[in-house]
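Each remark here refers to the structure printed beneath this line.
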Amino acid sequence: MLIEESWLGIYGKRQFQRPRRMKLAGEKRTGEIGDAVAFARERLEFDADEKQALVLLGGRRGIVNCTRQWGKSTVAAAKAVHRAYTAPGSLVLLLSPSGRQSGEFLRKAEEFVRKMGIRVRGDGDNHLSILLPNGSRVVGLPGNEKTGRGFSAVSLMLIDEAARVSDEFYRAMRPCLAAVDGDLWLMSTPNGKRGFFWDEWAHGGEAWERVQVAGPDCARISARMLEEEREKGDALFRQEYLCEFVEREGAVFSQESIEAMRQDFEALKV
């Protein structure tokens with residue numbers, strides 16, 4: 001399922017259609033904790049807009065292809081804390097390319113935990129971790145295969161900046177979901193037509209929910225800022241702010257040409 005953002009006008013004279021918070025059917029002032037959007041608003045003080053709500057409510061498999069500075073790490077932290085709080089004894093993993101990025105995610109998750117009146121503490125085994133009173137854990141890991149292989153029964157796995165995480169690490173971590181049929185969400189700005197993020201987005205099939213959020217639809221990015229960024233280079237702007245999978249500079253063949261060469265053709269009859 002592809003959920004695309006729309007924006008109006010021509011660049012330089014653009015009027016933007018900004019996201020708004022989703023109104024849920026039968027929404028009450030005090031929502032059930034199973035409603036991730038109501039939980040985020042009332043317990044975490046995070047008021048999700050329409051696209052953020054789609055991520056919070058998303059199911060078993062999801063891909064978020066988003067502009068820079070959309071706030072995907074904050075949405076990921078809210079989704080992680082909701083799962084950990086509402087599913088006692090669960091394990092939530094956040095994977096990212098570096099320890100610094102994993103640490104930033106944990107910092108946001110810790111802020112949400114404090115807003116619920118819960119004292120933040122680690123699990124005693126992992127440097128970047130949160131242990132809740134109900135036995136659930138949230139653990140942040142950098143993109144290193146050796147650091148991730150010891151985990152199992154993962155209820156929710158979130159991969160931040162997935163386009164910059166190696167295919168090897170992705171393949172090594174997926175089996176951690178098997179024992180409990182856990183959920184998997186990939187979140188990133190594109191990084192060319194290569195790697196598992198591109199492959200799952202383009203060829204992953206109907207199993208994946210797809211959410212796309214371009215820069216012109218993000219209320220936190222001004223039209224003036226977008227115009228300044230566009231003037232620095234078209235290809236980079238299309239990748240970083242318009243969520244396009246741009247061909248790598250210097251590539252001899254396009255990704256489409258490479259995929260076409262891999263197709264099987266009937267042998268010529270002579």
Side-chain angles (χ1 to χ4, degrees), residues 2-22 46-55 62-78 96-105 107-108 143 158-167 185-203 210-259:
L2 175 61
I3 303 164
E4 296 191 32
E5 287 284 342
S6 61
W7 36 274
L8 307 174
I10 300 174
Y11 233 106
K13 298 181 180 179
R14 191 183 302 279
Q15 292 181 337
F16 302 114
Q17 181 178 342
R18 295 298 189 184
R20 61 190 183 281
R21 190 179 71 79
M22 173 181 286
F46 175 63
D47 197 18
D49 64 34
E50 185 174 357
K51 295 302 175 181
Q52 292 169 335
L54 290 171
V55 177
I63 311 177
V64 181
N65 176 12
C66 62
T67 178
R68 294 285 299 274
Q69 300 302 309
W70 177 61
K72 61 181 172 15
S73 297
T74 302
V75 175
S96 62
S98 70
R100 181 191 63 79
Q101 289 163 310
S102 295
E104 180 65 14
F105 162 79
R107 183 186 66 79
K108 292 175 180 178
L158 300 156
I159 305 184
D160 191 19
E161 291 296 345
R164 290 158 180 83
V165 170
S166 72
D167 289 0
W185 276 73
L186 316 178
M187 304 181 177
S188 190
T189 300
N191 186 29
K193 294 182 178 181
R194 62 185 183 275
F196 69 89
F197 183 73
W198 149 252
D199 191 55
E200 300 289 22
W201 178 267
H203 309 296
R210 293 171 174 82
V211 180
Q212 181 168 304
V213 188
D217 295 305
C218 179
R220 293 168 290 280
I221 305 177
S222 69
R224 181 174 63 181
M225 178 66 181
L226 289 172
E227 193 63 32
E228 291 175 353
E229 292 298 294
R230 184 183 65 83
E231 292 173 356
K232 293 180 180 180
D234 180 67
L236 187 62
F237 178 78
R238 286 161 49 209
Q239 173 178 285
E240 299 292 299
Y241 293 96
L242 300 185
C243 307
E244 295 183 20
F245 291 88
V246 180
E247 295 286 357
R248 289 175 293 175
E249 290 187 10
V252 177
F253 300 103
S254 69
Q255 187 63 31
E256 286 81 1
S257 298
I258 294 172
E259 291 180 0

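As a basis for the values below, the full set of heavy atoms in this structure was taken, side chains included, without hydrogen atoms, waters or symmetry mates.
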Taking the side chain as every heavy atom from C-beta outward, state whether [X] and [Y] have any atom pair closer than 4.5 Å.
| X | Y | result |
| --- | --- | --- |
| K51 | V64 | no |
| W185 | I159 | no |
| W198 | H203 | yes |
| Q239 | F245 | no |
| P216 | L242 | yes |

Measure the spacing between [atom1] of [X] and [atom2] of [Y] and express it to the nearest 0.5 Å.
| X | Y | atom1 | atom2 | value |
| --- | --- | --- | --- | --- |
| Y241 | I221 | OH | CD1 | 6.0 Å |
| D167 | F196 | CG | CZ | 6.5 Å |
| F46 | K108 | CZ | NZ | 10.0 Å |
| D217 | E50 | CG | CD | 10.5 Å |
| Q69 | T189 | CD | OG1 | 9.0 Å |
| C66 | E240 | SG | CD | 10.5 Å |

For this session: Evaluate the criterion side-chain contact (heavy atoms from CB on, under 4.5 Å) for residue pair Q212 and W201; output intermediate values, then yes/no.
Result: CA-CA 10 Å; Q212 181 168 304; W201 178 267; 3.2 Å; yes
Smallest heavy-atom separation, F237 atom then L226 atom, equals CE1-O, 3.3 Å
- request: Using a strict 4.0 Å threshold on nitrogen-to-oxygen distance, state whether R224 and E227 make a salt bridge.
  value: no
I'd like to know if the side chain of [X] and the backbone of [Y] have a donor-acceptor N/O pair within less than 3.5 Å.
| X | Y | result |
| --- | --- | --- |
| R238 | V246 | no |
| E200 | F197 | no |
| E228 | M225 | no |
| R164 | S96 | no |
| N65 | C243 | yes |
| S188 | A163 | yes |

*What's the verdict on side-chain contact (heavy atoms from CB on, under 4.5 Å) for I63 and M187, showing C-alpha distance, side-chain angles and the deciding distance?*
CA-CA 6 Å; I63 311 177; M187 304 181 177; over 6 Å; no
- Can you tell me if CZ on R68 sees more than 12 non-hydrogen neighbours from other groups inside 6.0 Å? no
